[in-house]
Amino acid sequence: MDIKKAARLRRARKARANIRRLGRPRLTIFRSGKHIYAQVISSDQGTVIAAASTLQKDVSGKLKSTSNKEAAAAVGKAVAERAVEAGIKEVAFDRSGYRYHGRVKELADAARKGGLDF
């Protein structure tokens, strides 16, 4: 494992320890070079309540690219809709050690507009 990835995972581990103390479901993300993924995970059982990614046709159908801010916003909106349908309004944002800018920020802003509170 390279140094950058190890540092990101260390930051993620520290943030998740703090999120566990809150006892709220967490909105966690993963971004790769081509796609972005988001899941709402329950705090007590660790099960996935809602999920969305750019791999899904209903999310990426009208997008030009699956690796830009526009795609991240579409994923944020989709995961927020699915979480609200499942009865989740408040979440803790787990950015998985990524910096809060670019695609990560767009996904978070779209999830907030979609009805999630964090």
### Query
Can you get from V91 to Y98 by hopping between Ile, Leu, Val, Met, Phe, Trp and Tyr side chains that sit under 4.5 Å apart?
yes

### Message
Is any side-chain heavy atom of K77 closer than 4.5 Å to one of V59?
### Response
no

### Message
Is any side-chain heavy atom of I29 closer than 4.5 Å to one of V104?
### Response
yes

### Task
Just jot down the side-chain contact (heavy atoms from CB on, under 4.5 Å) partners of A92, sequence neighbours excluded, or say none.
I19, L22

### Summary
Taken in chain and number order and not counting sequence neighbours, the residues that satisfy salt bridge (charged side-chain N to carboxylate O under 4.0 Å, His left out) with R11 are none

### Task
Measure across V84 and G114 and return the closest heavy-atom pair with its distance rounded to 0.1 Å.
CG2-O, 4.1 Å

### Query
Can you name the residues that form a salt bridge (charged side-chain N to carboxylate O under 4.0 Å, His left out) with R26, not counting sequence neighbours?
D94

### 4.5 Å side-chain heavy-atom contact, S60 and L55
no

### Message
If I take atom CG from residue N18 and atom CZ from residue R20, how far apart are they, to the nearest 0.5 angstrom?
### Response
10.5 Å

### Query
Rounded to the nearest 0.5 Å, how far apart are CZ of R82 and CD1 of I49?
14.5 Å

### Task
For D2, enumerate each residue passing the side-chain contact (heavy atoms from CB on, under 4.5 Å) test, keeping only those at least two apart in sequence or located in another chain.
K4, K5

## Note on the structure
Closest non-hydrogen contact found for V79 with A52 is N-CB, 3.8 Å

### Task
Indicate if I41 and V75 have the same hydrophobic cluster label, given that clusters are the connected sets of ILVMFWY residues with side-chain heavy-atom separations under 4.5 angstrom.
no

### Summary
Sorted by chain and residue number, the side-chain contact (heavy atoms from CB on, under 4.5 Å) partners of K105 (sequence neighbours excluded) come out as Y100, D109

### Minimum heavy-atom distance between G23 and S43, given as atom pair plus value
O-OG, 3.2 Å

#### Entry: Pairs meeting criterion ring-ring contact (aromatic ring centres under 6.0 Å, His included) with involvement of residues 27-83, two or more places apart
F30-Y37

### Task
Look only at the side chain of R8 and the backbone of S96, and say whether a donor-acceptor pair between them is shorter than 3.5 Å.
yes

### Query
Other than M1, which residues form its hydrophobic cluster under the rule that side-chain heavy atoms must be closer than 4.5 Å?
L9

### Task
Could you give me the CA-CA distance, side-chain angles and deciding distance for R16 and T28, then say whether side chain to side chain contact (heavy atoms under 4.5 Å, CB included) is met?
CA-CA 10 Å; R16 287 180 185 138; T28 185; 3.8 Å; yes

### Task
Might you point out which heavy atoms bring A50 and A83 nearest each other, and give the distance in Å?
CB-N, 3.7 Å

### Query
Which pairs pass ring-ring contact (aromatic ring centres under 6.0 Å, His included) with one or both residues in residues 8-29, sequence neighbours excluded?
none

Cut-off 3.5 Å, no hydrogens considered: what does the side-chain donor-acceptor table look like for residues 64-73, sequence neighbours left out?
unit_1	atom_1	unit_2	atom_2	d
S65	OG	S67	N	3.2
S65	OG	S67	OG	3.2
T66	OG1	K34	O	2.6
N68	OD1	E70	N	3.4
N68	OD1	A71	N	3.0

### ring-ring contact (aromatic ring centres under 6.0 Å, His included) contacts touching residues 52-94 (sequence neighbours left out)
F93-F118

### Query
What residues form a side-chain hydrogen bond (donor to acceptor under 3.5 Å, both in side chains) with S53, not counting sequence neighbours?
none

#### Entry: E90: side-chain contact (heavy atoms from CB on, under 4.5 Å) partners, not counting sequence neighbours
R24, D117

